[in-house]
Each structure stands twice: as structure tokens, then as C-alpha cells.
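Below: the structure, in C-alpha cells.
Predicted, not measured: the structure shown is a model, and the values here were computed from it. Scope of the values below: all heavy atoms of this structure, side chains included, with no hydrogens, waters or symmetry mates. Whatever order the structure lists ligands and atoms in, that order sets their numbers, starting from 1.
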Amino acid sequence: MAFESLTERLQQAMSKLRKKGKVSEADVKEMMREIRLALLEADVNLQVVKEFTKNVRERAVGVEVLESLSPAQQIVKIVDEELTKTLGSEAVGIEKNPKIPTVIMMVGLQGAGKTTFAGKLANHLIKTEKARPLMIAGDVYRPAAIDQLKVLGQQLDVPVFDMGTEVSPVEIVRQGMELAREKKNDYVLIDTAGRLHIDEALMDELKQIKEIAQPNEILLVVDAMTGQDAVNVADSFNQQLGITGVVITKLDGDTRGGAALSIRSVTGAPIKFTGTGEKLTDLEVFHPDRMSSRILG
Ligand code: GDP
């Protein structure tokens, strides 16, 4: 699982303080040095590491903390609070349209897990609010993506609108939206194409789909295993398209976790879900405080 070595390193850094009755400024400094190294080794963005360690240090060297009865515990609490802040403070749910349908567009590079996430999200909406979603197969460049979405649709008993691979995705989305309005679906989930790298043609197409669909959410799906690349990808999608949230997939894999820790700070876009496996149920709503506790172990 993700974060294993980071958790171990952070615990080591903080456990030294636990053995001491009184903690000096030098002790805090030493701990911060170790935390900083642990975060950098976990591939956390340098700017994010700097900001985080600065905030923790400022609070930790406070007189009240150092002179308190259990300074170590207080410092652990500060680290937890600052990590939660780095991860976004509050859980942010799906932005709903006051009128149906709520339109959610999935974007991201090929292989990030968009199609899988579309299925997971449909399942989540059905389970939590008895939703009646329609899924639109807009990834016409990877023919298997359409079949993959249809298979998911069958498993979930969710209709999938597709027009094969010969029609432009913009037209597919336009007609799919019409169908959803006619059938009064409460959610429309649009699966879009990805490429191996960000290119202009991809962005243009996504901008056109955005124009047609007027989505309430543009969720960027990124693969945690790609490390800082995931952060760079998120930054460029955000600048070009304006994303409303991030989904981090493959956190079940052997990732160091730096991407998950950096993405909120770097892009300002909230992490909304994490993917923790290939099954439809392997989806978690993202809660910054829970993730922080998990990382700190
Ligand atoms: P797309 O090209 O973005 O639509 O990506 P897919 O949805 O086809 O996913 C690419 C691969 O990643 C597939 O083999 C999925 O089963 C796998 N995958 C997606 N999400 C997760 C996840 O959270 N954990 C793991 N382990 N695999 C995932």
C-alpha cells in the first residue's frame, strides 16, 4: 500500500521526542530535518515540503508547546493538523446542479483510470443516493474503452450512450446530453479520451466537450504511481481546462505517495476521491483528516 515507508519514517522522526520529558528547540529542529527528508523521499513537491515544514516549525517552537506537560504529543498533533491542511482541510463532495442532470466529466491521461472511475462513481451514486445516471462513451480513440464502459454499465444496470468510434466525441456528448434530459437522468457521467501526453488536440476537444456539456464537475483522474508527473499533469489540465476536483487512482499500489500529498497545494483543486483497486467498490471519498491519520499511522 501507499505511504508505508513514509509512515515509518515519520513515526521514527517523532518517536524520538516521545522519550523526552522536555523538548528543546534543537530537538524540534532535528525532528523537522527528518520529516523534511522523509517527505522529499516520498516524492512530495519541494515547495509543498517547504511550506509544510515552515508551518509546523513555527507552531512547534512556541513557548506553550515546549513548556507543556506533553510537548511530544502536542507536536504530533500539530504535524497532523498541518498535514490535514496540506491535503485540503475539509472533504469536498460532488457539486450538484440545482436542476437535473448534474453533469460530471472525467478527464486525464490514457491509463490513469478514467473509465474505471466512471463505473465506480456511478456505483457510488447509486448506493449513496439511489441515483439514475447515464454514462456517455466519449473515448473514441481507444475502442476498448467503449466496450469497457458498456460492460461496467451492464454490471451496474446503468445505460451507456455510445455512437461507436466514427462520430466526433463532441457530437456524441451533444446527443447523449439530449437523451439524458429526455430520460430525466439525474447524473450524466462523461468518459473522455486521454493521450499518453498532454497535447493541443486533446485539450481542444475537451474544451469543446466542456462547452457543449456545461459540466458541474470536471474531475481529473491521475495515477498515483506516476509521482510528480501526476502533479504536473494536474497543473496543466487545471490551467487549460479549469478542473473542479481530482481523483487519485492506484493508491493500493506501491507508490511513495508524494503526488497525493502535493496535488492539492500545487493546483488548489480539491481531491474528491481515491481509487484503491480495480473493482467497482474500490473507491473512497477523500477526507483530508482521515488520510493524514493514515499517513501518520
Ligand atoms: P483510462 O484509460 O483512463 O480510461 O484507464 P482505465 O480505466 O482503463 O484504467 C487503466 C488500468 O488501471 C486498468 O487496468 C484498471 O483496472 C486499472 N485501475 C484503475 N483504477 C485503479 C485503482 O484504483 N487501482 C488499481 N490497482 N488499478 C486501477
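- Residue contacts with ligand 1: Thr115 is placed with a nitrogen or oxygen under 3.5 Å of a nitrogen or oxygen of the ligand (distance criterion only).
- Neither the backbone nor the side chain of Glu284 comes within 4.0 Å of ligand 1, counting heavy atoms alone.
- Between Lys114 and the options Ile190, Leu149, Asp191, a side-chain contact (heavy atoms from CB on, under 4.5 Å) holds for only Asp191.
- A 6.0 Å sphere centred on CD of Glu41 holds more than 12 heavy atoms belonging to other residues, nucleotides or ligands.
- Ranking protein heavy atoms by distance to atom 26 (N) of ligand 1, first place goes to Asp252 OD2, 2.7 Å.
- Side-chain contact annotation: Thr276 with Asp252, donor-acceptor N/O pair under 3.5 Å absent.
- A donor-acceptor pair under 3.5 Å is formed between the side chain of Ser292 and the backbone N or O of Asp80.
- Contact atoms of ligand 1 toward Thr276: 23 (O) (distance under 4.0 Å to a heavy atom of the residue).
- Side-chain contact annotation: Glu171 with Gln175, donor-acceptor N/O pair under 3.5 Å present.
- No donor-acceptor pair under 3.5 Å is formed between the side chain of Ser70 and the backbone N or O of Ala72.
- Scanning the protein for heavy atoms near atom 21 (C) of ligand 1, the closest one is Gly277 O, 3.5 Å.
- Summary of contacts: the protein heavy atom closest to atom 18 (N) of ligand 1 is Lys250 CE, 3.9 Å.
- Put simply, the side chain of Asp27 gets close to the backbone of Ser24: a donor and an acceptor are under 3.5 Å apart.
- When only non-hydrogen protein atoms are considered, atom 2 (O) of ligand 1 lies nearest to Gly111 N, 2.7 Å.
- Under a 4.0 Å criterion applied to the non-hydrogen atoms of Gln110, ligand 1 contributes the atoms 2 (O).
- In this structure, atom 13 (C) of ligand 1 lies nearest to the protein heavy atom Glu278 OE1, 4.2 Å.
- Considering both main-chain and side-chain atoms, Asp282 never comes within under 3.5 Å of ligand 1 through any nitrogen or oxygen pair.
- The shortest separation from a heavy atom of Ala112 to ligand 1 is under 4.0 Å, placing the residue in contact.
- Considering both main-chain and side-chain atoms, Gly113 comes within under 3.5 Å of ligand 1 through a nitrogen or oxygen pair.
- Counting only distance, with no hydrogens or angles, the side chain of Asp186 and the backbone of Arg132 share a donor-acceptor pair below 3.5 Å.
- Proximity of Thr116 to ligand 1, defined as any heavy-atom pair under 4.0 Å, is shared by backbone and side chain alike.
- Of all the atoms in ligand 1, the ones that sit under 4.0 Å from a non-hydrogen atom of Gly275 are 23 (O).
- Lys114 N, 2.7 Å is the protein heavy atom nearest to atom 3 (O) of ligand 1.
- Taking every non-hydrogen atom of Leu109 and a distance limit under 4.0 Å, the qualifying atoms of ligand 1 come out as 3 (O).
- Side-chain contact of Gln148 with Thr115: a donor-acceptor pair under 3.5 Å is absent, judged by distance alone.
- Aromatic ring pairs are classed by plane angle as parallel below 30°, tilted from 30° to 60° and perpendicular above 60°; the pair Phe117 and Phe273 is tilted.
- Every atom of ligand 1 with a heavy atom of Gln148 under 4.0 Å away is listed here by number and element: 6 (P), 7 (O), 8 (O).
- Taking the ring axis of Tyr141 as reference, the NZ or CZ atom of Arg195 stays within 45° of it and closer than 6.0 Å to the ring centre.
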